[in-house]
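Everything below concerns the one structure shown next.
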Amino acid sequence: MTDLRLAIVTTAAQMNDALAIRRAVFIGEQGVSEEEEIDEYDGDPAETTGVVHVVAYCRGVAAATGRMMVHAPPGEHPHIGRVAVLREYRGQGLGRAVMLALHNEAQRRGYAGVALGAQLHAIPFYETLGYIVSGEVYLDAGIEHRWMDVSFGS
Ligand code: COA
């Protein structure tokens, strides 16, 4: 992918870029409600703690995003969520780039791995990044998920 820039979100404008992608993908495509999708971790980065958001800009267009809750209890992995790539940008490595940026951030903070709830269709995507399924199917926002995790260096 040429002209790809990854940003750790630090400004309200970047946060709005992340939310625009999530609204298009999760609310627009998947039918999740605004109330379920947007929470207290999606505020102005200047006033919001406990979370890191990443946005991938492809030729200047905000095209992919994801976030990680950065305060995991001792011995547990931090949780990644809200991973989304605009439909027209899929299959070009943007999802992988967002995940690797979040992995880097987790490693920088001293974590040994990360965990997430994967929509069933996305399990093969996460498997390409080394994730292993670790739980049964459950419903979140009416969508079937399974818990997965990866240990860095494994
Ligand atoms: N099934 C099988 N493999 C898949 C896949 C799928 N649905 N989606 C991606 N992959 C593979 C790619 O082939 C690629 O493999 P490779 O490294 O061997 O070449 C690897 O995963 C990375 O793919 P990438 O191009 O980075 O994925 P993407 O940018 O299309 O993003 C999603 C993948 C799942 C994030 C994207 O499809 C998306 O946003 N879907 C809608 C939102 C969603 O469901 N998010 C996940 C919530 S848990």
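Atoms within each ligand, like the ligands themselves, are counted from 1 in listed order. The first residue in the sequence is number 1, and the count goes up from there.
The main-chain N or O of Val54 is found under 3.5 Å from a side-chain atom of Thr65 such that the two form a donor-acceptor pair. For the pair His53 (side chain) and Tyr41 (backbone), a donor-acceptor distance under 3.5 Å is present. A donor-acceptor pair under 3.5 Å is absent between the side-chain atoms of Arg146 and the main chain of Glu136, judged by distance alone.
Of the N or O atoms in Gly95, one or more lie within a sub-3.5 Å distance of an N or O in ligand 1. Polar contact check, His121 against ligand 1: a nitrogen or oxygen pair lies under 3.5 Å apart. The shortest N or O to N or O distance between Tyr126 and ligand 1 is not under 3.5 Å. Residue contacts with ligand 1: Gly91 is placed with a nitrogen or oxygen under 3.5 Å of a nitrogen or oxygen of the ligand (distance criterion only).
Distance from atom 42 (C) of ligand 1 to its nearest protein heavy atom, with residue and atom name: Val25 CG1, 3.4 Å. In terms of protein heavy-atom proximity, atom 11 (C) of ligand 1 is closest to Thr128 CG2, 4.0 Å. Closest protein heavy atom to atom 17 (O) of ligand 1: Arg96 NH2, 2.9 Å. Looking only at protein heavy atoms, the nearest one to atom 45 (N) of ligand 1 is Val83 O, 2.8 Å. Nearest protein heavy-atom contact of atom 39 (O) of ligand 1 is Val85 N, 2.8 Å. For atom 25 (O) of ligand 1, the closest non-hydrogen atom of the protein is Gly93 N, 2.8 Å. Looking only at heavy atoms of the protein, atom 5 (C) of ligand 1 is closest to Phe125 CB, 4.0 Å. With respect to atom 2 (C) of ligand 1, the closest heavy atom belonging to the protein is Pro124 CB, 3.3 Å.
Shown are Tyr111, Tyr126, Phe152; of these, the ring pair (Phe, Tyr, Trp, His ring centres under 6.0 Å) with His103 is made only by Phe152.
Residues Ile8 and Val52 form a side-chain contact, since some pair of their non-hydrogen atoms from C-beta on lies under 4.5 Å apart.
Near Gln92, with a cut-off below 4.0 Å to any heavy atom, the atoms of ligand 1 are 25 (O).
Of the protein's heavy atoms, at least one falls inside 4.0 Å of atom 7 (N) of ligand 1. When distances from atom 21 (O) of ligand 1 to the protein are checked, a heavy atom turns up under 4.0 Å. Protein non-hydrogen atoms do reach within 4.0 Å of atom 36 (C) of ligand 1.
Checking Tyr57 against Asp17 by side-chain atom types alone, a donor-acceptor pair falls below 3.5 Å.
The closest approach between Gly117 and ligand 1 falls below 4.0 Å for a heavy atom of the residue. Taking a 4.0 Å cut-off on heavy atoms, Glu127 fails to register as neighbouring ligand 1.
In Arg87, the CZ atom is not crowded: 12 or fewer heavy atoms of neighbouring residues, nucleotides or ligands sit closer than 6.0 Å. Applying the 6.0 Å contact sphere to CD1 of Ile123 captures more than 12 heavy atoms from other residues, nucleotides or ligands. Within a 6.0 Å radius of CZ in Phe125, more than 12 heavy atoms belonging to other residues, nucleotides or ligands are found.
The pair Glu37-Arg23 fails the salt-bridge criterion, with no side-chain N (NZ, NE, NH1 or NH2) lying under 4.0 Å from an Asp/Glu carboxylate O. Salt-bridge formation is detected for the pair Arg90/Glu29: a Lys NZ or Arg NE/NH1/NH2 atom is positioned less than 4.0 Å from an Asp or Glu carboxylate oxygen. With respect to the salt-bridge test (charged N to carboxylate O, under 4.0 angstrom), the residues Asp39 and Arg82 qualify.
The heavy atom nearest to atom 41 (C) of ligand 1, considering only Arg82, Glu29, Arg90, is found in Arg90.
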